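Scroll down for the structure; my scribbles are underneath it.
Computed from a predicted structure; not experimentally measured.
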Amino acid sequence: MSGLQASYKFCREIARSRARNFYYSFLLLPGEQRDAMCAIYAFMRYCDDISEAEGATREAIERWRDDLNLALSGNSPANPLWPAFTDTVARYKIPCRYFHEMIDGVSGDLEPRQIQTWDELYRYCYQVASVVGLTIIHIFGFSSPEALKRAEQCGIAFQLTNILRDVREDAENHRIYIPEEDIARFEADLSTRNENFVRLMAFESQRARGYYDQSRPLIKMVDARSQASLWALIEIYQRLLTRIENSNFDVLRERIRVPTWEKLWILAGARFLKRV
């Protein structure tokens with residue numbers, strides 16, 4: 001097995017064990033695209049793991065940025081993900097600035113934070129999620145420049161969904177992503193599920209729904225062979241939001257998930273979509 005093949009195998013194993021929602025949609029892609037998605041996911045996973053590690057430091061994040069620059073310049077550091085990652089970036093002509101923006105986003109999580117305004121939250125969502133969408137549509141393939149805006153909106157929708165799901169976990173880590181201006185508006189307490197909390201969460205949920213609606217045309221903007229995968233990915237995240245809503249935002253008691261059987265059902269539906 002060549003070094004490049006071994007690197008892709010390493011990235012596939014990371015995606016299979018860690019990606020959860022993303023990995024199911026990867027299965028609908030041809031092998032080369034699926035491997036590319038796994039390589040990008042492995043990079044993102046490393047970014048998150050470094051920022052969330054106990055005792056994480058800005059120096060550790062900047063070392064990872066230095067490793068990224070070395071890898072992109074052809075001098076890959078000793079990490080098995082880099083050959084597959086750099087091959088994917090070159091093959092699909094992915095702008096390198098997206099990866100630096102990802103690092104900028106996760107570096108903000110090194111310290112306790114309270115998002116103050118919607119504009120601040122939008123910027124955070126862009127850095128940690130929209131840039132992911134902007135990256136992977138290069139693998140999906142697209143021709144219309146409008147696809148870039150739709151991919152940005154899709155990332156906002158996904159990250160808002162994650163934030164609603166993880167309110168309790170984030171608060172335990174001293175990270176409050178729901179804007180303080182919204183918390184004050186609804187006179188809510190994020191540690192107590194009462195009427196004000198539910199009203200706040202419903203407001204943020206409708207905000208996410210708006211971005212799902214805006215991003216929906218993206219499915220038809222990517223290459224035909226990629227549309228089923230993107231449809232499945234969006235559907236899985238929308239089902240997660242629906243489950244959060246249907247629980248009446250009971251996110252402080254347990255972490256709400258889309259069960260495996262439902263993801264498989266979505267994949268089956270996506271395969272039908274691919275045939276028609």
Side-chain angles (χ1 to χ4, degrees), residues 19-30 33-34 36-41 43-44 88-89 91-102 104-105 118-165 177 203-242 244-245 258 263 266-267 269-274 276:
R20 298 189 181 94
N21 293 334
F22 273 89
Y23 186 71
Y24 285 87
S25 69
F26 296 173
L27 298 175
L28 295 166
L29 293 169
Q33 286 177 291
R34 184 165 61 248
M37 287 291 194
C38 290
I40 295 301
Y41 177 80
F43 173 82
M44 296 187 302
T88 293
V89 172
R91 187 185 301 269
Y92 292 97
K93 299 180 175 59
I94 302 172
C96 297
R97 71 177 183 276
Y98 294 149
F99 305 112
H100 286 283
E101 288 179 309
M102 287 181 201
D104 291 341
W118 164 242
D119 287 345
E120 184 183 350
L121 177 57
Y122 188 99
R123 179 60 183 165
Y124 172 76
C125 291
Y126 172 85
Q127 289 179 318
V128 300
S130 291
V131 292
V132 177
L134 291 165
T135 296
I136 66 176
I137 65 166
H138 286 78
I139 298 172
F140 283 144
F142 69 98
S143 56
S144 170
E146 187 182 351
L148 296 169
K149 181 61 178 176
R150 301 298 183 180
E152 178 179 328
Q153 294 165 336
C154 191
I156 300 296
F158 284 6
Q159 190 60 26
L160 288 174
T161 302
N162 288 339
I163 287 169
L164 294 179
R165 177 195 62 194
Y177 297 109
F203 172 79
E204 304 298 349
S205 177
Q206 285 305 303
R207 178 175 269 165
R209 287 285 179 196
Y211 280 97
Y212 279 114
D213 291 345
Q214 292 175 52
S215 64
R216 199 77 186 180
L218 179 63
I219 296 170
K220 293 298 184 183
M221 294 179 182
V222 300
D223 290 353
R225 66 176 183 169
S226 303
Q227 289 176 6
S229 178
L230 179 57
W231 179 86
L233 182 59
I234 292 173
E235 188 68 15
I236 288 169
Y237 267 90
Q238 283 195 302
R239 295 283 185 95
L240 174 58
L241 183 59
T242 296
I244 292 169
E245 292 168 339
V258 177
K263 294 174 186 176
I266 290 168
L267 288 195
R271 290 184 185 280
F272 176 77
L273 174 73
K274 190 174 183 179
V276 299

Heavy-atom side-chain contact between [X] and [Y] under 4.5 Å:
| X | Y | result |
| --- | --- | --- |
| Asn162 | Arg165 | yes |
| Ser25 | Leu230 | no |
| Met102 | Thr135 | yes |
| Gln206 | Glu245 | yes |
| Arg216 | Trp231 | yes |
| Ser130 | Glu101 | no |
| Tyr41 | Tyr23 | no |
| Ile136 | Tyr98 | no |

Return the [atom1] to [atom2] distance between [X] and [Y], rounded to the nearest 0.5 Å.
| X | Y | atom1 | atom2 | value |
| --- | --- | --- | --- | --- |
| Leu148 | Ile137 | CG | CD1 | 4.5 Å |
| Ile40 | Ile139 | CD1 | CD1 | 5.0 Å |
| Cys38 | Gln33 | SG | CD | 12.0 Å |
| Arg123 | Asp119 | CZ | CG | 11.5 Å |
| Leu233 | Gln238 | CG | CD | 10.5 Å |
| Ser229 | Ile219 | OG | CD1 | 10.5 Å |

Please state whether the rings of Phe99 and Phe43 are parallel, tilted or perpendicular, taking 30° and 60° as the class boundaries.
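The arrangement is perpendicular - the two ring planes meet at more than 60°.
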Walk me through whether Leu29 and Phe140 qualify under side chain to side chain contact (heavy atoms under 4.5 Å, CB included).
CA-CA 9 Å; Leu29 293 169; Phe140 283 144; 3.9 Å; yes
Contact summary for [X] and [Y], nearest pair of heavy atoms:
| X | Y | answer |
| --- | --- | --- |
| Ser215 | Arg150 | CB-O, 3.5 Å |
| Ala129 | Gly155 | CB-O, 3.3 Å |
| Arg209 | Thr242 | NH2-OG1, 2.7 Å |
| Leu121 | Tyr177 | CD1-O, 3.5 Å |
| Leu241 | Ala208 | CD2-CB, 4.0 Å |
| His138 | Pro95 | NE2-CD, 3.5 Å |

After noting the C-alpha distance and the side-chain angles of Ile236 and Tyr24, does the key distance pass the side chain to side chain contact (heavy atoms under 4.5 Å, CB included) rule?
CA-CA 9 Å; Ile236 288 169; Tyr24 285 87; 4.0 Å; yes
side-chain contact (heavy atoms from CB on, under 4.5 Å), paired with Gln159, selected from Ile163, Thr161, Ile156
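Exactly one pass, corresponding to Ile163.
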Between Phe142 and Leu218, does a side chain to side chain contact (heavy atoms under 4.5 Å, CB included) hold up when you go through it step by step?
CA-CA 9 Å; Phe142 69 98; Leu218 179 63; over 6 Å; no
Would you say the side-chain atoms of Gln227 pair up with the backbone N or O of Val222, donor to acceptor, closer than 3.5 Å?
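Yes: the side chain of Gln227 pairs with the backbone of Val222.
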Would you mind checking if Lys149 and Glu152 are paired as a salt bridge, meaning a charged N to carboxylate O distance below 4.0 Å?
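Looking at Glu152 and Lys149, the cut-off is met.
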Is Arg207 salt-bridged to Glu204, cutoff N-O under 4.0 Å?
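Glu204 and Arg207: salt-bridged.
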